[in-house]
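Written out below as structure tokens is the structure these notes cover.
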There are 2 protein chains.
Amino acid sequence: LKKNKTGFREKFIHQAQKASSFLCVGLDSDINKIPKHLKQSDDPIFEFNKSIIDATKDIVCAYKPNLAFYAAYGLKGYESLIKTVNYIPESIPVILDAKMNDIGNTAEMYAASVFNELQCDSVTFNPYMGFDSIEPFTHFEGKSVFALCLTSNSGSKDFQYMISDGKTVYEQVMNKLVEWKNKTGFEIGAVVGATHSEELKHLREIAPDTLFLIPGIGSQGGDLEKVCKYSGIKNYLALINVSRNVIYAGDGKDFATEVKKAAIKIRDEINSFID
Amino acid sequence: LKKNKTGFREKFIHQAQKASSFLCVGLDSDINKIPKHLKQSDDPIFEFNKSIIDATKDIVCAYKPNLAFYAAYGLKGYESLIKTVNYIPESIPVILDAKMNDIGNTAEMYAASVFNELQCDSVTFNPYMGFDSIEPFTHFEGKSVFALCLTSNSGSKDFQYMISDGKTVYEQVMNKLVEWKNKTGFEIGAVVGATHSEELKHLREIAPDTLFLIPGIGSQGGDLEKVCKYSGIKNYLALINVSRNVIYAGDGKDFATEVKKAAIKIRDEINSFID
């Protein structure tokens with residue numbers, strides 16, 4: 001196991017301070033949506049990501065590539081992912097969005113894939129299978145996991161809002177995440193969708209020291225002002241992820257300029273809502 | 001989209017009848033556990049899987065490679081996975097165990113990765129994110145998905161047994177899976193761990209026509225007789241997965257002979273419990 005001297009939280013705070021930013025850019029790079037002139041290159045997805053990273057590395061607190069967008073292109077896609085993760089400056093945290101989940105001996109292999117092979121700083125996780133499915137990740141000192149709690153999509157209504165013992169499933173999940181974080185000493189964060197801002201306020205109360213990764217701003221329609229107010233962002237407790245509204249901000253040869261403008265705009269908007 | 005003329009269920013039943021078998025072999029191939037003499041080869045994991053497939057292809061109803069064991073070795077691992085899936089005879093269903101889950105536009109990419117790129121017949125899925133996270137998979141005619149319902153591991157106690165509206169979460173999940181199966185006409189199956197045989201009996205009652213993928217026999221200690229009795233296996237409604245107890249049955253140069261013996265023994269044991 002490779003140990004990091006600096007833990008995930010410290011690395012995130014350092015980059016957030018350096019870039020004055022709580023914006024995490026989601027590298028959900030879809031070959032059908034990238035600028036046409038890149039499609040001739042050997043590795044269009046990597047070329048696209050490289051431009052995005054060059055344009056935004058001083059404006060973001062983290063990057064979050066979503067595994068699905070690379071897996072869709074098989075080996076070639078995995079190569080683009082590896083090159084992308086390697087291209088991101090060492091000082092910027094990389095969160096692989098893979099929503100991993102499996103039984104203990106298999107979870108060990110997933111943890112190895114993301115922390116040893118890909119050398120990412122963090123990974124998203126789906127908690128449905130319970131403690132032994134997250135435990136192997138906690139052996140990787142200095143890394144972190146963001147577990148799904150309340151997701152930003154419409155399907156969050158199907159199971160996450162069910163009430164058990166007077167609490168919703170997502171509250172029960174958050175309580176367990178806090179318990180597991182305390183028990184293991186590992187940086188177990190939570191994914192809380194921006195589309196549920198009132199719930200976010202309540203979740204911050206029951207998890208006062210948990211890092212929140214917040215998707216759902218932009219295309220999905222979350223309320224940025226409320227999210228900034230309720231998420232504990234001023235205490236360096238939240239990363240706000242935006243994917244499509246940043247990475248597809250332009251589609252000409254100068255797309256990177258548009259991407260940079262879009263990232264600065266969102267970063268500054270977030271900062272304007274912090275007291 | 002590549003359409004299959006034969007649907008997943010028909011393909012499974014055909015192979016189950018041909019091999020007189022409900023045994024699905026889990027290709028959870030760990031480089032640290034494979035026979036020593038294979039480790040010199042260019043692609044030890046593929047060489048191992050090739051021998052397993054040669055030895056068991058007339059004894060199984062399906063194969064289930066678990067993505068984690070390939071992802072752990074990066075690009076080289078994905079190559080081994082692709083070669084393995086291609087090596088499995090076309091008539092035998094391949095279920096990729098990846099417990100995928102994400103929002104709609106991302107779930108589309110996952111579905112493309114498993115059905116178009118890897119050309120698998122089915123994939124496991126984690127239902128925590130609800131309907132829109134499974135819906136894109138249902139566009140792939142002739143394919144199937146097995147959604148986690150009640151898992152075989154100790155962590156299944158953390159959330160799956162919570163009671164809401166007088167029902168456990170896993171019952172609520174099963175009810176939704178049946179509803180989604182009926183609504184989409186897609187082959188949505190369920191993962192139900194063999195370690196919970198009484199619950200399995202009840203789940204079969206509430207989902208009389210759902211395919212069950214049943215892990216947890218062997219290393220995990222599930223009760224095979226009860227599982228065979230309760231799972232609807234005699235009506236071709238269940239696949240029993242065994243991984244470690246088959247694939248690591250031998251470790252010398254003749255390991256494939258031991259693997260074959262182990263597979264036959266479990267297949268015949270399953271058949272002996274069917275009325």
Side-chain angles (χ1 to χ4, degrees), chain A residues 28 30 66-75 77-79 82 97-114 116-118 126-135 148 151-160 162-165 169 172-173 176 215 219-220 244, chain B residues 28 30 66-75 77-79 82 97-114 116-118 126-135 148 151-160 162-165 169 172-173 176 215 219-220 244:
Chain A
D28 299 359
D30 181 341
N66 188 307
L67 179 62
F69 289 82
Y70 303 88
Y73 305 108
L75 270 186
Y78 289 112
E79 275 182 54
I82 292 166
D97 197 352
K99 300 179 176 68
M100 289 173 167
N101 63 110
D102 216 307
I103 62 172
N105 74 310
T106 308
E108 262 178 58
M109 304 303 273
Y110 276 127
S113 77
V114 67
N116 284 346
E117 271 294 315
L118 265 176
N126 183 314
Y128 188 70
M129 297 184 74
F131 183 67
D132 62 305
S133 65
I134 200 171
E135 199 270 342
L148 299 185
T151 61
S152 57
N153 63 323
S154 64
S156 63
K157 301 277 184 271
D158 285 322
F159 305 116
Q160 299 167 27
M162 291 189 311
I163 306 281
S164 175
D165 269 342
V169 166
Q172 304 260 18
V173 167
K176 281 284 180 194
S219 313
Q220 296 181 63
R244 287 168 276 184
Chain B
D28 300 359
D30 180 341
N66 188 307
L67 180 61
F69 289 82
Y70 303 89
Y73 305 108
L75 270 187
Y78 288 113
E79 275 184 54
I82 292 166
D97 197 352
K99 299 178 176 69
M100 289 174 165
N101 64 109
D102 216 307
I103 62 172
N105 75 311
T106 307
E108 262 178 59
M109 304 302 273
Y110 275 127
S113 77
V114 67
N116 283 347
E117 271 294 316
L118 264 177
N126 183 314
Y128 188 70
M129 297 184 72
F131 183 67
D132 62 307
S133 64
I134 199 170
E135 199 269 341
L148 298 186
T151 59
S152 56
N153 63 323
S154 64
S156 63
K157 302 278 184 272
D158 285 323
F159 305 115
Q160 300 167 27
M162 289 189 312
I163 306 282
S164 177
D165 269 342
V169 166
Q172 304 260 19
V173 167
K176 281 283 180 197
S219 313
Q220 295 181 64
R244 288 169 274 184

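This structure is a prediction, so every number in the text was calculated from the model and none was measured. Chain naming here is simple, since letters A, B, ... match the order of the sequence lines and numbering starts at 1 in each.
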Heavy-atom contact with chain A under 4.5 Å, split by part of B:Ile82: side chain
Residue part contacting chain A, namely of B:Ser156, when any heavy atom lies under 4.5 Å: backbone
Nearest-0.5 Å distance that lies between atom CE in B:Met100 and atom NZ in A:Lys99: 12.5 Å
Any donor-acceptor N/O pair, B:Ser164 side chain to A:Ile163 backbone, under 3.5 Å: yes
Point-to-point distance, once rounded to the nearest 0.5 Å, from CG of B:Asp102 to CG of A:Asp28: 8.0 Å
Backbone N/O of B:Tyr128 and side chain of A:Gln160: donor-acceptor pair under 3.5 Å: yes
Heavy-atom check, side chain of A:Val169 versus side chain of B:Met162, under 4.5 Å: yes
A:Val173 versus chain B, the contacting section by heavy-atom distance below 4.5 Å: both
Reported CZ-to-OH distance for the pair A:Phe69 and B:Tyr110, which is rounded to 0.5 angstrom: 9.0 Å
side-chain contact (heavy atoms from CB on, under 4.5 Å) between B:Tyr73 and A:Asn116, intermediate numbers included: CA-CA 9 Å; B:Tyr73 305 108; A:Asn116 284 346; over 6 Å; no
Heavy-atom pairs under 4.5 Å with chain A, option from B:Asp30, B:Asp132, B:Asp97 with the top count: B:Asp132
Region of B:Lys176 in contact with chain A, defined by heavy-atom distances below 4.5 Å: side chain
Ring centers of A:Tyr78, B:Tyr78 separated by less than 6.0 Å: yes
Nearest-0.5 Å distance, CE of residue A:Met129 to CG of residue B:Asp158: 11.0 Å
Separation between CG of B:Leu148 and CG of A:Asn101, rounded to the nearest 0.5 Å: 6.0 Å
For the student: nearest non-hydrogen atoms of B:Ala71 and A:Ser113, plus distance: O-CB, 3.2 Å
Contacting region of B:Glu79 [heavy-atom separation from chain A under 4.5 Å]: both
Contact origin within B:Pro127 toward chain A - heavy atom pairs under 4.5 Å: both
Rounded distance (nearest 0.5 Å) linking atom CD of A:Glu135 with atom OG of B:Ser154: 10.0 Å
Chain A contacts, top residue of B:Gly130, B:Ala111, B:Gly77, B:Gly104 (heavy-atom pairs, under 4.5 Å): B:Gly130
Intermediate values then yes/no, side-chain contact (heavy atoms from CB on, under 4.5 Å), B:Arg244 and A:Asn105: CA-CA 11 Å; B:Arg244 288 169 274 184; A:Asn105 74 310; 3.6 Å; yes
Atom group of B:Leu67 that falls short of 4.5 Å from chain A, counting heavy atoms: both
Exam field: side chain B:Asn153 to backbone A:Ile103, donor-acceptor pair closer than 3.5 Å: no
